[in-house]
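Note that the structure is a prediction, hence the values are computed from the model and not measured. A, B, ... follow the sequence lines: proteins, then strands. Residue 1 opens every chain.
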Amino acid sequence: MKQPEVLVVGGGIIGSSIAYYLTKRDVEVTVVERGKLLGGASGANQGGIPVSLFDPPLLDLVRESRKLYDELSGELDEDLGFDETGLLLLVLDEDQVSLLNKFRKRLEERGLGVEGLSKDELRSEQLLADNVKAAIKTSEDASVDPFKVGFGFINRAKANGATFLKDTEVTDIKTSGKKVTKVKTNRETLQPKYLVNAAGAGAESVGDMVGLDIPVKPRRGQVLVTEPTPRANYRYLMDFDYLATALGDGSEEEKSQRLELGVASSLIQEPSSNWTIGASRDFTGFDKKTTRKTLGYLADRATKFIPDFEDCNIIRSYAGLRPYCHVDGEPILGRVEKMDNFFIATGHAGEGITLAPITGKLLASEIVSGKKAELLEGFRYSRFDSKK
Amino acid sequence: MAEINECSTESKQNMREKIICRCEEVTESEIRQSIRKYDLDTVAEVKRATRAGMGLCQGRSCETSIKRILCEETDKDISEISADSTRPPTIPVETGVIADVIRGGSENEAA
């Protein structure tokens, strides 16, 4: 087999995006995936592209990625199911109304589109429960069909000459000094010029093979799927509690069992008109099962925002393992400075779909140009060096 | 605007074809094309690529047909094509019933 210039480990949305952006620059790339393409967290998520929820510098990265989605809709052959309706952020608890207002001010200061919904507007929205106390609508947030994005990247990358090898697991990596020389898999041995570790929650074990301690672990997220329902006016709804559970900014609220399981509503109506009901967060190793209790909390919380869900059928549930950086929760991106030809793109947590385009673009740029991408400062592996 | 009972070209085309997944209206040729385009060899992959099996019946009516198509396309025996993983609740269950698992606890006393 012809040796690839770049070998990407991981055939999820991140690896596929990197392959796509590399082939746009005429780079020979091979992607190896130990399971099936898009078979991990990339295929077990709601397709949300939240933008407004983040703080800089992650916000800068997220906003750039969101812009790339506009281009990708034209570049990829698939209909990405891109929905730009925006995000409705909802408050159930009277005590959180002032926090919501504070949050809204912060978005305005950052130049992010946001508007408040009046009481009348809220009441006239039939979908929403009467006890929703307040809501704001942000405009940069969107949603996509994650499979269409993933297969869109794969399809274009393949057309541009990339090779995707599924059922292919990296078993050993040989190094000489600071350089990766050989990558052994259960099928064949490859000798790429550059290696990219985009193995998601499995990135730690790939790091071990070259003596790098990559601090990611799998964070489980469970999701319910309803039967299709009529198209709603607002198709991306979020519980204000989500900010506390997802971003871990220390909610002072007494920890209920629901919050211990990381349950706060993230509700998205897919292009197919099914609703996906998320989101939960817990750490149970590589266990991908859904649990009755978490699904119970997800279902109960969702009915508090949309009472019609009560007798709407659930047809499926699933869980995905998000690659979570257990040091600071931020992604780990770019060239590893203490090695010659080793790159990392993992730790995206719940933002893999959101950050896939910018991750692919900047990793491809760093590999091809040899120059550091400014936007990746703060997300590099070297940030862990001083902490050891 | 088209009359409601007027078929689009796409649905006319679909009517001439065998529908494999009736819930999501996925045709035999769509499935065959995806298998070739993306080099698929499992039911789970076909589901991700085409939505076949993602509908109300969760593949109970189409999974065997998809397996047969996979056999033909990949030259494998049907015993080599593994079933898709089951995703609870396996039959449609109302959201409220799933919520009942936790209702009655401290979370809901106030409600």
Just checking A:Lys36: does its NZ atom have more than 12 heavy atoms from other residues, nucleotides or ligands closer to it than 6.0 angstrom? yes
Counting heavy-atom pairs closer than 4.5 Å to chain B, which one of A:Gly39, A:Ser317, A:Ala302 comes out on top? A:Ser317
Let me know if A:Lys289 has heavy atoms under 4.5 Å from chain B in its side chain, its backbone, both or neither. neither
Closest heavy-atom pair and its distance - A:Ala299, B:Ile98: CB-CG2, 3.8 Å
Just wondering, do A:Leu37 and B:Arg48 contact through their side chains at under 4.5 Å, heavy atoms? no
Winner by heavy-atom pair count (cut-off under 4.5 Å) against chain A, out of B:Thr86, B:Val93, B:Val101: B:Val93
For atom CZ of A:Arg292, decide whether the heavy atoms of other residues, nucleotides or ligands shown that lie under 6.0 angstrom number more than 12. no
Any idea which heavy atoms bring B:Gln58 and A:Arg316 closest together, and the distance? NE2-NH1, 2.7 Å
Could you check which of A:Asn155, A:Ile277, A:Asn274, A:Val225 has the highest count of heavy-atom pairs closer than 4.5 Å to chain B? A:Asn155
Between CG of A:Leu295 and OG1 of B:Thr95, what distance do you get to the nearest 0.5 Å? 11.0 Å
Any side-chain heavy-atom pair of A:Lys158 and B:Lys37 under 4.5 Å: no
Nearest atoms (heavy-atom pairs only) where B:Gly55 meets A:Ile315: O-CD1, 3.6 Å
Taking the side chain as everything from C-beta on, heavy atoms only, tell me whether B:Arg87 gets closer than 4.5 Å to A:Thr290. no
Is there a side-chain contact between B:Asp41 and A:Lys166, using heavy atoms and a 4.5 Å cut-off? yes
Measure B:Ser34 against the heavy atoms of chain A and call it side chain, backbone, both or neither at under 4.5 Å. neither
Please classify the contact between A:Asp167 and chain B as side chain, backbone, both or neither, with a heavy-atom cut-off of under 4.5 Å. side chain
Is it the case that over 12 heavy atoms from other parts of the model lie below 6.0 angstrom from the CZ atom of A:Arg235? yes
Flag the pair A:Ser272 / B:Arg51 as yes when at least one side-chain heavy-atom distance between them is below 4.5 Å, and no otherwise. yes
Contacting region of A:Thr303 [heavy-atom separation from chain B under 4.5 Å]: side chain
Tell me, side chain or backbone of A:Gln222 under 4.5 Å from chain B's heavy atoms, or both, or neither? neither
